[in-house]
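Notes follow the structure.
Values reported hereafter were calculated over all heavy atoms of this structure, with side chains retained and with hydrogens, waters and symmetry mates removed. Numbers here are sequence positions counted from 1.
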Amino acid sequence: MRRMSRRGFSVVAAATIAGLATAGDAAAAPDRRRKKARELRAMWLATVVNRDWPSKPGLSAQQQRSELLAFLDSAVNRRLNAVVFQVRPTADALWPSPHEPWSEYLTGTQGKDPGWDPLGTAVKEAHRRGLELHAWFNPFRIANHTDPSRLVATHPARVHPEWVVPYGGKLYYNPGLPEVRRFVQDAMLDAVRRYPLDAVHWDDYFYPYPVAGQAFDDDDAFARYGGGFADRASWRRDNIDRLVREMSGRIKKTRGRTQFGISPFAVWRNKATDPTGSDTRAGVQTYDDLYADTRGWVKKGWLDYIVPQVYWNIGFPAADYAKLVPWWSDVVRGTGVRLYIGEALYKAGDPAQPPAWQDPAELSRHLTYAEGFPEVRGHIYFSAKEVGVDRNGAMARVVADHYQEPAKPPR
């Protein structure tokens, strides 16, 4: 599951959180009020391995629908204004796609029609409740196993086995093939054509997270298309750049008001690697390990919004929330790209997490700290199940402290 394993204040942070009233704070207050009238308050609704929804495969259409609507109602009850709904978790579909099979997470059998249209229903019912619906797609992941024979016979990965790379116990499409990049765009754009989506949303998987002792076998593609690049890493980054740039343009041509947003792992590069990087010591850097130049996409204006998954507590030594939020604020400043912060609600009250996450106020402190940065235009919580269950009351505390009044999403 994408976020399960990754996802001492500074003087400024401490002052912000203590709410010290200075002349500067007073002057900033009207700006903060204006910002809050337009801020994103969203939750990720994950379907991969039935993480949030449906609660298990094989439920009746009516049971699935009832569970889905309950999640939308939960968002409304928490005064959220958007839901990020995972509709293509593993090269499949939660709508009647002509390109890819129905998801196995619905019926338990890949390709089996569930008897209704989950994405179409989600869009309609979200809008009826005043919620935005952001459709969340995973571009390259095919399966959480390495056996192509387990895929339905008509699956594109079986029709085109040359597109597929097994790695780390999973199957992936090869981003180095132009025909793959075109296909995954076509598959996602079908949903944009069919439904009035408020956004297309991608998560943090591009090239897969590194697995020790394994190599992602794209030798043939590199031999065919890698000429002119200094090294394989540069070529891989260019492949992902092309995917992002092309998809951005095609979304606008297909449905002009549909936004394009990406939610990457929060560390682009550590400062020790690159002086323009963040003051972090993360074991993964998206630029170097996932070949995803997340900072570059913002600077080039290819996105409408970016949601770094800042899934660490304030003061966490290797990746401090209070260091990453200012870094990302600086990245987006002046670009026109909106910054939302991905929040690790799933860690709140989890006994396996550091002591900070046992404090129900930790998440609320994140929002208080982020209010000091006008570039931060909202927050997205992982994930929908925790928004409702709220293990230690952290979400209720966020609502009480920050969401007393409704707000509309930025536009």
Side-chain angles (χ1 to χ4, degrees), residues 87-103 110-111 135-168 170-194 200-209 215-229 231-255 258 260 262 290-293 296-297 300 302-303:
V87 299
R88 187 180 182 266
T90 50
D92 50 11
L94 272 75
W95 75 96
S97 168
H99 301 284
E100 295 180 305
W102 283 105
S103 176
Q110 189 176 68
W136 163 16
F137 305 85
N138 186 287
F140 295 118
R141 183 174 58 205
I142 298 171
N144 289 316
H145 58 75
T146 56
D147 183 2
S149 70
R150 290 172 57 185
L151 304 174
V152 66
T154 55
H155 196 293
R158 293 188 68 178
V159 176
H160 298 281
E162 71 278 7
W163 290 2
V164 180
V165 179
Y167 180 79
K170 300 180 182 181
L171 295 175
Y172 296 92
Y173 284 127
N174 187 347
L177 299 176
E179 57 269 34
V180 162
R181 297 194 299 270
R182 185 72 182 187
F183 170 76
V184 298
Q185 291 177 46
D186 290 345
M188 293 183 279
L189 285 164
D190 179 69
V192 180
R193 292 189 185 95
R194 288 174 185 260
V200 167
H201 181 102
W202 291 354
D203 58 21
D204 53 324
Y205 285 115
F206 295 97
Y207 280 87
Y209 280 84
F216 188 85
D217 184 6
D218 54 4
D219 288 353
D220 289 345
F222 182 52
R224 290 172 62 189
Y225 300 109
F229 290 90
D231 50 37
R232 191 178 307 224
S234 299
W235 170 71
R236 286 178 174 176
R237 271 189 294 274
D238 183 70
N239 294 332
I240 304 302
D241 279 356
R242 287 172 184 266
L243 181 80
V244 173
R245 182 178 67 246
E246 291 167 5
M247 190 67 177
S248 178
R250 294 182 72 186
I251 290 169
K252 298 309 177 192
K253 288 180 181 177
T254 303
R255 192 180 292 271
T258 296
F260 183 32
I262 295 180
L290 308 183
Y291 307 98
D293 185 9
W297 305 338
K300 293 167 185 172
W302 294 344
L303 307 178

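Between L94 and P89, the closest heavy-atom pair is CD1-CD, 3.9 Å. The two residues G176 and Y225 make their nearest non-hydrogen contact at O-CD1, 3.6 Å. Taking all atoms of both residues into account, the shortest heavy-atom contact from D186 to R193 is O-NH1, 4.5 Å. Looking at every heavy atom in both residues, N174 comes nearest to V165 through CB-CG2, 3.9 Å. The two residues V244 and I262 have their closest heavy-atom pair at CG2-CD1, 4.1 Å.
Looking only at side-chain heavy atoms (C-beta outward), P175 and F216 come within less than 4.5 Å of each other. The closest side-chain heavy-atom distance from L189 to M247 is below 4.5 Å. Within the 4.5 Å cutoff, the side chain of R242 has heavy atoms near those of the R245 side chain.
Here the side chain of R181 pairs no donor or acceptor atom with the backbone of L243 at under 3.5 angstrom. Side-chain atoms of K170 never come within 3.5 Å of backbone atoms of P208 as a donor-acceptor pair (strictly under, hydrogens ignored). For Q110 (side chain) and L151 (main-chain N/O), no donor-acceptor pair under 3.5 Å exists by modelled atom type. In this structure, H155 contributes its side chain and A91 its backbone to a donor-acceptor pair below 3.5 Å.
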D218 vs R224, salt bridge (charged side-chain N to carboxylate O under 4.0 Å, His left out): CA-CA, chis, key distance, verdict: CA-CA 10 Å; D218 54 4; R224 290 172 62 189; over 6 Å; no

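In this model, no donor atom of one side chain and acceptor atom of the other lie less than 3.5 Å apart for D241 and W302. Side-chain contact of W95 with D190: a donor-acceptor pair under 3.5 Å is present, judged by distance alone.
Outside the 6.0 Å centre-distance limit, the rings of W202 and F137 are not counted as a close aromatic pair. For Y205 and Y209, the ring centers sit closer than 6.0 Å to each other. The distance between the ring centers of Y291 and Y207 falls below 6.0 angstrom.
Between I251 atom CD1 and Q185 atom CD the span is 9.0 Å, to the nearest 0.5 Å. A distance of 9.0 Å separates CH2 of W136 from CG of N138, quoted to the nearest 0.5 Å. The distance from the CG atom of L171 to the CZ atom of R158 is 11.5 Å, given to the nearest 0.5 Å. Remark: I142 CD1 to E100 CD distance equals 9.5 Å, nearest 0.5 Å. Atom CZ of R194 is separated from atom CZ of R255 by 12.0 Å, given to the nearest 0.5 angstrom. Remark: D219 CG to D217 CG distance equals 5.0 Å, nearest 0.5 Å.
Note on R88 versus D92: no salt bridge recorded, every NZ/NE/NH1/NH2 to OD/OE distance being 4.0 Å or above. Note on R236 versus D293: no salt bridge recorded, every NZ/NE/NH1/NH2 to OD/OE distance being 4.0 Å or above.
Relative orientation of the F222 and W235 rings is tilted, given thresholds of 30° and 60° on the angle between their planes. The aromatic rings of W297 and F206 lie perpendicular to each other, with more than 60° between the two planes, well past the 30° mark.
Put simply, the residue from Y172, Y173, F140 that forms a side chain to side chain contact (heavy atoms under 4.5 Å, CB included) with W163 is Y173.
The environment of N144 atom CG is dense: over 12 non-hydrogen atoms of other residues, nucleotides or ligands sit within 6.0 angstrom.
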